[in-house]
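First comes the structure, then the notes that go with it.
Here is the naming used below: chain letters follow the sequence lines, and residue numbers restart at 1 for every chain. Heavy-atom basis, side chains included; hydrogens, waters and symmetry copies ignored.
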Protein chains: 2
Amino acid sequence: MKIDLGSFEPRHRQLARMLRAQIEGGEYRAGQRLPSEERLQQMSGLGRTTVRRALGVLRSEGLVRTVTGSGTYVRGNQEVTMLEVGHGTVISTRVPTEEERRTLGLDEGVPVFVIQRPGEGPELLRGDTNRLVVG
Amino acid sequence: MKIDLGSFEPRHRQLARMLRAQIEGGEYRAGQRLPSEERLQQMSGLGRTTVRRALGVLRSEGLVRTVTGSGTYVRGNQEVTMLEVGHGTVISTRVPTEEERRTLGLDEGVPVFVIQRPGEGPELLRGDTNRLVVG
DNA sequence: CGGTATTTGTCCGTATGTATA
DNA sequence: GTATACATACGGACAAATACC
């Protein structure tokens, strides 16, 4: 965890980039816990704010998931449902509101589909476990 | 801006919720600037960290956009492109990586479509200005 | 079940740098 | 060039959730 102080790249992004590379490189696998924040501080020499910010970046990318009092875990590839959409359906995507996140039980970094079928009200679909197939 | 200290709801979320309501209620319109962070501190009685966190929530929801040295602005409804997708196409959505954000020139809080047409490589499409129509 | 330790969450303050007006 | 406004980074204090024994 060598952070280049003096770099143009902010320190929290440097740390996020390193952790991201380790996750994508398989050094931390799905479901596995990352080092604790205190541990990451020691490893990187950064302050608490900066370490937490780096983890926040990874959360917002949907790469990890943090559980209070427990730790930050690599978000595994979840089982995917294929959903067929028919003629005239309009599909948009956005980041859910906080309330929608609670309702759908979504972690940070997971967008939603908004499915508008002809003659029906808009339907909200979590974006992490769903794929739409044009039928 | 009356913040209930002693509430179970964290202060930054209270502030975010109030600002969100004001934006959705039309008190702050598209393109308009929100009060500066210092001003929001004065108005709410909260600390700098907390005010900034509240604005971060709104950014991650795609509701506002912050320009360094200038201010935080309400993200207007942008012009939308309708794109027709054909049979066998598979659509997924996710939060873009930092690099993809730079490449596509995206603000925070904007997810992307991943369009997989039969026999082709995956195509990335910004989610804020695109709607997919099943043809 | 309880008590303690670990780990993350919230909140505050300060200092300095950078971008914009 | 000065003033305003946001960005980065550090630190400390206490609360809340979880894990461990």
Checklist entry - Which residues, if any, of residues 96-104 of chain B bring a heavy atom under 4.0 Å of DNA chain D? => result none
Checklist entry - Is the phosphate of dC10(D), meaning OP1 or OP2, less than 4.0 Å from a side-chain N or O of Thr49(A)? => result no
Checklist entry - Thr68(A) or Thr68(B): which one's nearest nucleotide on DNA chain D is closer to the 5' end? => result Thr68(B)
Checklist outcome for this item: Assign each of Gln14(A) and Pro35(B) the nucleotide of DNA chain D bearing its closest heavy atom; nearer the 5' end lies the nucleotide of Pro35(B)
Checklist entry - Does anything in residues 36-48 of chain B reach DNA chain C, meaning a heavy atom under 4.0 Å, and if so which residues? => result Leu46(B), Gly47(B)
Next on the checklist: I need the residues from residues 51-60 of chain A with at least one non-hydrogen atom less than 4.0 Å from DNA chain C; give them sorted by number, or say none.
Outcome noted: Arg52(A)
Item to check | Check against side-chain contact (heavy atoms from CB on, under 4.5 Å), Leu55(A) and Leu19(A) | outcome: CA-CA 9 Å; Leu55(A) 293 175; Leu19(A) 291 171; 4.1 Å; yes
Item to check | Residues forming a side-chain contact (heavy atoms from CB on, under 4.5 Å) with Leu124(B), sequence neighbours excluded | outcome: Arg94(B), Glu100(B), Leu104(B), Val112(B), Val114(B)
Item to check | Test applied, side-chain contact (heavy atoms from CB on, under 4.5 Å); reference residue, Thr72(A); option that passes from Leu34(A), Leu40(A), Leu63(A) | outcome: Leu34(A)
How many Å lie between [atom1] on [X] and [atom2] on [N], as a whole number?
{"X": "Phe8(B)", "N": "dA15(D)", "atom1": "CZ", "atom2": "P", "answer": "14 Å"}
{"X": "Arg33(A)", "N": "dT18(D)", "atom1": "CZ", "atom2": "P", "answer": "14 Å"}
{"X": "Tyr73(B)", "N": "dC6(D)", "atom1": "OH", "atom2": "C1'", "answer": "11 Å"}
{"X": "Asp107(B)", "N": "dC6(D)", "atom1": "CG", "atom2": "C1'", "answer": "15 Å"}

What pair of heavy atoms forms the shortest contact from [X] to [Y], and how long is it?
{"X": "Thr93(B)", "Y": "Pro111(B)", "result": "OG1-CB, 4.0 Å"}
{"X": "Arg126(B)", "Y": "Phe113(B)", "result": "O-CD1, 4.4 Å"}
{"X": "Ala30(A)", "Y": "Gly76(A)", "result": "CB-CA, 3.3 Å"}

Checklist entry - On DNA chain C, which is the earliest and which the latest nucleotide, 5' to 3', with an atom closer than 4.0 Å to a heavy atom of chain B? => result dT10(C) to dA21(C)
Next on the checklist: Arg75(A): which residues meet the salt bridge (charged side-chain N to carboxylate O under 4.0 Å, His left out) condition with it, sequence neighbours left out?
Outcome noted: Asp107(A), Asp128(A)
Checklist entry - What is the pairing partner of dG1(D), taking Watson-Crick or G-U wobble pairs with both distances under 3.5 Å in any strand? => result none
Checklist entry - Is any side-chain heavy atom of Val51(B) closer than 4.5 Å to a side-chain heavy atom of Glu38(B)? => result no
Next on the checklist: A side-chain contact here means heavy atoms from C-beta on lying under 4.5 Å apart; do Leu132(B) and Val85(A) qualify?
Outcome noted: no
Checklist entry - Does one side chain, of Arg11(B) or Gln14(B), offer a donor that lies under 3.5 Å from an acceptor on the other? => result no
Checklist entry - Going through the checks in order, is the side-chain contact (heavy atoms from CB on, under 4.5 Å) test met by Arg20(A) and Leu58(A)? => result CA-CA 7 Å; Arg20(A) 195 185 300 118; Leu58(A) 300 181; 4.1 Å; yes
Checklist entry - Is there a donor-acceptor contact under 3.5 Å from the side chain of Gln116(A) to the main chain of Glu120(A)? => result yes
Checklist entry - When clusters are formed by joining ILVMFWY residues with side-chain heavy atoms under 4.5 Å apart, either directly or through shared neighbours, do Val95(A) and Val110(A) land in the same one? => result no
